[in-house]
Amino acid sequence: MRLIISVIGAFLLMVAMASHPQTLSQQEDEIKNLEGERGKAQVRGDIAKLDEVLAPEFIEINAAGQIRTKRENIEGHKSGQVHWEKFDLDELSVRVYGETAVVSGHLTRKGTFAGRDLSGQSRYTRYYVRRQGRWQAIFQHSVPAN
């Protein structure tokens with residue numbers, strides 16, 4: 001009888017783990033890692049990574065007040081119009097709500113856009129959705145923090 005109860009208990013545990021593959025803490029860590037990867041991709045001009053992380057409908061309102069789409073974001077890197085030397089994130093706070101995540105943080109950046117210096121600090125909020133098992137950013141809003 002104990003063996004049957006143990007087997008049933010193990011089976012129920014496996015089913016529960018399969019239906020909830022990650023804990024909330026693991027999802028938050030995954031988003032923080034993704035934020036770090038995105039920051040590195042900005043400095044490297046890694047268009048493939050940016051294309052992967054940004055959803056097709058991604059829109060950002062940056063600290064300069066510009067509204068930019070995913071296409072404009074990636075084109076800026078392709079053309080060389082955007083160049084980042086530093087893109088450091090800290091004070092990250094992540095909240096996961098099912099298949100949606102909200103990240104807020106602090107950015108210290110050094111770089112240019114069309115030759116104009118964009119160095120400085122900002123606070124931002126970025127929204128992610130999970131699609132087909134991966135997170136993609138759909139919206140970002142930044143404000144100057146200097």
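Side chains are part of it too, since the values below use all heavy atoms of this structure and drop only hydrogens, waters and symmetry mates. The chain is numbered in sequence order, starting from 1.
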### Query
Under 3.5 Å, side chain of Gln136 to main-chain N/O of Tyr128, donor-acceptor pair present?
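Here the side-chain-to-backbone pair does not exist.
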Identify, with sequence neighbours excluded, every residue that meets salt bridge (charged side-chain N to carboxylate O under 4.0 Å, His left out) alongside [X].
X	result
Arg44	Asp46
Arg131	Glu57
Glu28	none
Arg123	Glu91

In residues 80-88, what donor-acceptor pairs under 3.5 Å come from side-chain atoms, sequence neighbours left out?
none

### Query
Taking C-beta and beyond as the side chain, do Lys32 and Leu92 meet within less than 4.5 Å on heavy atoms?
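SC-SC contact between Lys32 and Leu92 confirmed.
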### Query
Among all residues two or more places apart in sequence or in another chain, which pass the ring-ring contact (aromatic ring centres under 6.0 Å, His included) test with Tyr124?
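Tyr124 satisfies ring-ring contact (aromatic ring centres under 6.0 Å, His included) with no residue once adjacent residues are dropped.
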### Task
Could you tell me which residues satisfy ring-ring contact (aromatic ring centres under 6.0 Å, His included) with Tyr127, sequence neighbours excluded, listed by chain and number?
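Listed in chain order: Phe139.
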For [X], enumerate each residue passing the side chain to side chain donor-acceptor pair (under 3.5 Å) test, keeping only those at least two apart in sequence or located in another chain.
X	result
Asn33	none
Gln140	Arg38, Arg126, Ser142
Asp29	none

Exercise answer: donor-acceptor pairs, residues 114-122 side-chain atoms, under 3.5 Å, sequence neighbours excluded:
unit_1: Asp117; atom_1: OD1; unit_2: Ser119; atom_2: N; d: 3.0
unit_1: Asp117; atom_1: OD1; unit_2: Ser119; atom_2: OG; d: 2.7
unit_1: Ser119; atom_1: OG; unit_2: Gly111; atom_2: N; d: 3.3
unit_1: Gln121; atom_1: OE1; unit_2: His106; atom_2: NE2; d: 2.8
unit_1: Ser122; atom_1: OG; unit_2: Arg109; atom_2: NH1; d: 3.4

### Query
salt bridge (Lys or Arg N to Asp or Glu O under 4.0 Å): which pairs involve residues 134-144, sequence neighbours left out?
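Non-adjacent pairs meeting salt bridge (Lys or Arg N to Asp or Glu O under 4.0 Å): zero.
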